[in-house]
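Just below is one structure, and these are the notes that go with it.
Just so you know, these numbers use all the heavy atoms, side chains as well, and skip hydrogens, waters and symmetry mates. A, B, ... follow the sequence lines: proteins, then strands. Residue 1 opens every chain.
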2 protein chains.
Amino acid sequence: MSAEDNLLKPVEAEEPDDQDYLLQEQVGFILRKAHQRHVSIFAARIGDLTPPQFAALAKLRDVGETSQNQLGTLIAMDAATVKGVIDRLKARGLVELSKHEVDKRRLLVNLTAAGRDAIERLIPLAREITQETLAPLSAKEIATFMKLLAKLA
Amino acid sequence: MSAEDNLLKPVEAEEPDDQDYLLQEQVGFILRKAHQRHVSIFAARIGDLTPPQFAALAKLRDVGETSQNQLGTLIAMDAATVKGVIDRLKARGLVELSKHEVDKRRLLVNLTAAGRDAIERLIPLAREITQETLAPLSAKEIATFMKLLAKLA
DNA sequence: GAAAATTCATTCGTATGCAAATGATATCAA
DNA sequence: TTGATATCATTTGCATACGAATGAATTTTC
């Protein structure tokens, strides 16, 4: 095949070879950047709480009291990570911890009154964060994107 | 409006109110999970290098010698983060550092022979990682998804 | 019912990721 | 040319994120 043929060949048919690995076109790299952008938007709107901390409060609002590990499963954090998040929320008086009466291994987590106030107050801001993150897309594109993204996660 | 009317109302017309904020349907949350999944796939295939470290090597392969800061811009890392990544690559002999002759502020980074060998060897694995990450989608869905994801990043 | 396997939580070590402060050097502007 | 700005790099502090090891408590299995 001559070099000229490449001018006629559609891009989709390109055989990737080691000469042209383009980092900026790989899912992982773009996924990382999209995530960074979202975190940045989040920080601009909710400065005093991180996305993982918000996730913990929002999920506790949904399900009520649960064990630390169970909460971690619900918000996709491993045991070590969720411990740090809960520790910091506890230090700020947004959650309270107690021991499970029957199963002595479990550490129960629940919202305090202040924690409930905080999450109720922040939810409208979180809706705006979602909107701003998706702002580059049209309504139809958003529907498509969310469907596909969910398949990948 | 009676409760029965809700049965007839299409889902898309639901007015979101604070009662039903669903964390698991928010872009940020799913984006974080998708990113986690990708990192996990990456680690399973390339155990001895992280995605940021790989990104640094791959970009150095593209552009050749650059300043640490410039490299950071190219791979979307701030100055503090890129320094850590480069330090670790240097400690493993994959990159080498030198001072810019003219502009004494700049720290030049380049691949060593070992670094070039490593990235050439890893690129085929990186292609597989991209494929596996996108495996839940069809070819057409991949094209759509990548287009929309790029808009968000 | 005792041993084995599992689950829950903690701790340690390593690696991003970013804000803010600092110091050195370069560039711009009056 | 010098004084103000801007850029490059480093450091510190804080917050995820996860593997691996450990200990305590529970469940399973024989």
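- In terms of position on DNA chain D, the residue among A:Gly84 and B:Ser67 whose nearest nucleotide sits closer to the 5' end is B:Ser67.
- Set against C:dT10, D:dT10, C:dC18, the side chain of A:Gln36 has C:dC18 as its closest nucleotide.
- A donor N or O paired with an acceptor N or O is found under 3.5 Å between the base of C:dT7 and the side-chain atoms of A:Arg105.
- At whole-Å resolution of the value, NZ in A:Lys83 and P in C:dC12 are 11 Å apart.
- Between the P atom of C:dT6 and the CG atom of A:Asn69 lies a distance of 16 Å, rounded to the nearest Å.
- Contact annotation: B:Gln70 side-chain N/O to D:dT7 OP1/OP2 distance is not under 4.0 Å.
- In this structure a side-chain-to-backbone donor-acceptor pair under 3.5 Å is missing from A:Arg32 to B:His35.
- Note: NZ (B:Lys104) to P (C:dT25) measures 7 Å, nearest angstrom.
- Nucleic acid contact for B:Val102: sugar-phosphate only, since backbone atoms but no base atoms lie under 4.0 Å from a heavy atom of the residue.
- Comment: A:Asp62 engages A:Lys59 in a salt bridge, judged by a side-chain N to carboxylate O separation of less than 4.0 angstrom.
- Note on B:Gln53: a side-chain N or O is less than 4.0 Å away from OP1 or OP2 of C:dT16.
- Remark: B:Glu128 CD is packed, more than 12 non-hydrogen atoms of other residues, nucleotides or ligands lying under 6.0 Å away.
- Here A:Thr50 reaches the OP1 or OP2 of D:dT16: one of its side-chain N or O atoms lies under 4.0 Å away.
- Across the protein-nucleic acid pair, A:His100 atom NE2 and D:dT27 atom C1' stand 14 Å apart, rounded to whole Å.
- Residue contacts for A:Asp78: at a heavy-atom cut-off of 4.0 Å it reaches a base atom on one of the strands shown.
- Look at NE2 on B:His35: it is 12 Å from C1' on C:dA15, rounded to the nearest Å.
- Nearer to the 5' terminus of DNA chain C, by closest-nucleotide assignment, is the contact made by A:Asp87 (compared with the other of A:Asp87 and B:Pro52).
- Out of D:dA25, D:dT10, C:dT10, the shortest distance to the side chain of B:Leu107 is found at D:dT10.
- At the heavy-atom level, A:Thr81 lies under 4.0 Å from base atoms of the strands shown.
- Side-chain contact check for B:Leu60 versus B:Arg116: every heavy-atom pair is 4.5 Å or farther apart.
- Panel note: side chain B:Gln70, backbone B:Ser67; no donor-acceptor pair is recorded below 3.5 Å.
- Using cut-offs of 30° and 60° on the angle between ring planes, the pair B:Phe145 and A:Phe145 is parallel.
- Within the structure, a side-chain polar atom (N or O) of A:Gln68 is placed less than 4.0 Å from OP1 or OP2 of C:dT10.
- Within the structure, a side-chain polar atom (N or O) of B:Arg32 is placed less than 4.0 Å from OP1 or OP2 of D:dA17.
- Nucleotide C:dG23 holds its P atom 23 Å from the CZ atom of B:Arg106, rounded to whole Å.
- Of the candidates D:dT10, C:dA15, C:dT11, C:dT11 carries the atom nearest the A:Ala80 side chain, counting heavy atoms from C-beta on.
- We find that CD1 of A:Ile86 is positioned 15 Å from C1' of D:dA17, with the value rounded to whole Å.
- Counting to the nearest Å, the P atom of D:dT16 and the CZ atom of B:Phe29 are 14 Å from each other.
- Annotation: of the two residues near DNA chain D, B:Leu108 and B:Val39, the 5′-most nearest-nucleotide partner is B:Leu108.
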